[in-house]
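Here is how names work: the chains are called A, B, and so on, in the same order as the sequence lines, proteins then strands, and each is numbered from 1.
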There are 2 protein chains.
Amino acid sequence: MKPEGRKQEIIQAAAILFKEKGYSAVTMRDLAKAMGIKAASLYNHIQSKQEILSTIIIDLAEEFTYGMGQIVSSDEGAIRKLENIISLHIDVTLRNADGLASLNNDWMHLEEENLLYFEKMRQDYEENFRNIVTKGTVAGEVKPYNIEIMVFSTLSTLRTLYLWYPKQNNIDAAILKKDMISVLLKGVI
Amino acid sequence: MKPEGRKQEIIQAAAILFKEKGYSAVTMRDLAKAMGIKAASLYNHIQSKQEILSTIIIDLAEEFTYGMGQIVSSDEGAIRKLENIISLHIDVTLRNADGLASLNNDWMHLEEENLLYFEKMRQDYEENFRNIVTKGTVAGEVKPYNIEIMVFSTLSTLRTLYLWYPKQNNIDAAILKKDMISVLLKGVI
DNA sequence: GTCTATAGTATGATAGAC
DNA sequence: GTCTATCATACTATAGAC
């Protein structure tokens with residue numbers, strides 16, 4: 001197998017360890033042991049521990065940025081856009097739940113360039129989310145509650161999906177989407 | 001000032017640093033610098049870095065355990081109990097937002113005894129939450145959606161309040177409670 | 001592509017002076 | 001109650017053999 005394949009294996013193993021203990025608490029020896037090799041050998045495939053973290057986080061952040069771009073530029077209504085955001089988070093979570101732990105909890109350990117790039121993407125994402133909700137309230141599609149609270153409460157649930165989903169026993173993606181849309185948008189009472 | 005007062009100052013300073021970088025990434029030298037003393041001096045007030053973490057987390061976990069006990073043993077209906085849980089989380093968040101970061105993200109760095117104690121409290125808390133929602137659906141007070149999704153979506157928002165609340169400009173606690181109850185229970189559309 | 005050996009630095013914590 | 005000095009250990013990363 002080509003070196004790139006091995007690199008991806010290392011990144012995947014690292015994502016699992018980072019999810020369990022956090023970036024700072026995982027040593028290159030831990031990661032090497034998980035791969036069945038010695039720590040020094042890792043450096044034939046990756047440049048640094050930092051490179052592993054930034055690959056995990058930036059790839060995911062770009063995925064969300066792309067997905068949000070598609071949703072924003074569509075000509076759907078606010079509610080349909082919110083449903084599509086929920087669907088986006090569920091899709092990404094099913095594909096890479098481990099990596100999302102780093103995106104949520106270890107982004108602050110990114111270094112200068114990537115840290116700024118990440119923070120910009122996250123800020124833009126939240127801004128787009130807020131705009132959709134605001135337009136929804138103006139159009140009368142969304143209840144006139146406090147915008148910040150609506151954005152925060154929805155987004156915090158979507159961002160934490162990665163912790164919850166793996167504990168469910170192979171819940172079907174389509175059913176999950178349907179139920180999550182009901183609970184997040186229509187409430188529980 | 002008595003030694004206990006100084007100890008509390010250290011724990012408070014540590015909570016802020018743990019919130020910013022996580023337990024593992026904060027060194028005793030970082031903490032000492034924040035306190036304006038040398039690392040060795042910290043050990044006249046605390047026994048270990050681990051003691052700081054367990055104090056922060058266990059105190060908060062016991063606070064939630066006590067609050068949930070009060071709510072469960074009351075004879076209110078399911079909806080009123082859910083409102084009281086939301087109120088409990090907001091009260092604790094306003095009082096100790098920094099410590100909640102450790103409770104949420106660094107509990108896995110607790111050592112044997114305290115780790116088991118914490119995990120037991122968290123499991124019991126979730127179980128109580130689930131029972132309230134389940135009884136609510138049976139009584140027809142709560143919509144018959146997937147229980148796990150309703151519990152998860154509400155709890156994930158409440159657990160993440162510590163990240164969001166400090167960014168709001170002195171939002172009034174009473175208004176926050178009212179709006180949060182509306183959004184979490186009645187939905188946004 | 002993996003290994004052993006090791007450089008250079010950082011860590012949590014202790015001993016003992018003031 | 002804080003300091004300086006230090007211990008023992010652990011960390012990321014590199015050099016060079018196989």
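Distance B/Lys38 NZ to C/dC18 C1': 16 Å, rounded to the nearest Å. The distance between atom CG of A/Asp30 and atom P of D/dC11, rounded to the nearest whole Å, is 7 Å. Residue A/Lys21 contributes atom NZ, which lies 12 Å from atom C1' of D/dA10 at whole-angstrom precision. In this structure, A/Ile52 atom CD1 and D/dC11 atom C1' are separated by 14 Å, rounded to whole Å. Here D/dT12 presents its P atom at 15 Å from CD of A/Glu51, a figure rounded to the nearest Å. Here D/dG1 presents its C1' atom at 13 Å from CD of B/Glu9, a figure rounded to the nearest Å. If you measure from atom CG of A/Leu17 to atom P of D/dC11, you get 13 Å, rounded to the nearest angstrom. What separates CD1 of B/Ile37 from P of C/dC18 is a distance of 21 Å, to the nearest Å.
Partners of A/Tyr125 by ring pair (Phe, Tyr, Trp, His ring centres under 6.0 Å), not counting sequence neighbours, listed by chain and number: A/Phe64, A/His89. Partners of B/Lys38 according to the side-chain contact (heavy atoms from CB on, under 4.5 Å) rule, which considers only residues two or more places apart in sequence or in another chain, are B/Ser41. Judged as a ring pair (Phe, Tyr, Trp, His ring centres under 6.0 Å), and not counting sequence neighbours, the contacts of A/Phe152 are B/Trp164. With sequence neighbours left out, B/Lys135 forms a salt bridge (charged side-chain N to carboxylate O under 4.0 Å, His left out) with no residue at all. Taking B/Val72 as the reference, B/Met68, B/Asn128, B/Ile132 meet the side-chain contact (heavy atoms from CB on, under 4.5 Å) condition, with sequence neighbours excluded.
Using a 4.0 Å cut-off between charged side-chain N and carboxylate O, A/Arg6 and A/Glu9 make a salt bridge.
Of the N and O atoms on the side chains of B/Glu112 and B/Tyr117, not one donor lies less than 3.5 Å from an acceptor on the other residue.
Residues of residues 102-118 of chain A that place a heavy atom closer than 4.0 Å to DNA chain C do not occur.
Within the structure, side-chain hydrogen bond (donor to acceptor under 3.5 Å, both in side chains) contacts touching residues 66-78 of chain A (residues at least two apart or in different chains) do not occur.
Phosphate proximity of D/dC3 to B/Ser41: present, with a side-chain N or O under 4.0 Å from OP1 or OP2.
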Can you give me every donor-acceptor pair (side chain of residues 139-150 of chain A, partner residue at least two apart or in another chain, under 3.5 Å) with its distance?
residue: A/Glu141; atom: OE1; partner: A/Ala78; partner atom: N; Å: 3.1
residue: A/Lys143; atom: NZ; partner: B/Lys186; partner atom: O; Å: 3.0
residue: A/Asn146; atom: OD1; partner: A/Glu148; partner atom: N; Å: 2.9
residue: A/Asn146; atom: OD1; partner: A/Ile149; partner atom: N; Å: 3.1
residue: A/Glu148; atom: OE1; partner: A/Arg130; partner atom: NH1; Å: 2.9
residue: A/Glu148; atom: OE2; partner: A/Arg130; partner atom: NH1; Å: 3.3

Give me, pair by pair, the N or O atoms of the protein and of nucleotides 12-15 of chain C that are less than 3.5 Å apart, along with how far apart they are.
residue: C/dG12; atom: OP1; partner: B/Lys49; partner atom: NZ; Å: 3.0
residue: C/dG12; atom: OP2; partner: B/Met28; partner atom: N; Å: 2.8
residue: C/dG12; atom: N7; partner: B/Arg29; partner atom: NH1; Å: 3.3
residue: C/dG12; atom: O6; partner: B/Arg29; partner atom: NH2; Å: 3.4
residue: C/dA13; atom: OP2; partner: B/Tyr43; partner atom: OH; Å: 2.7
residue: C/dA13; atom: OP2; partner: B/Lys49; partner atom: N; Å: 2.9
residue: C/dA13; atom: O5'; partner: B/Tyr43; partner atom: OH; Å: 3.4

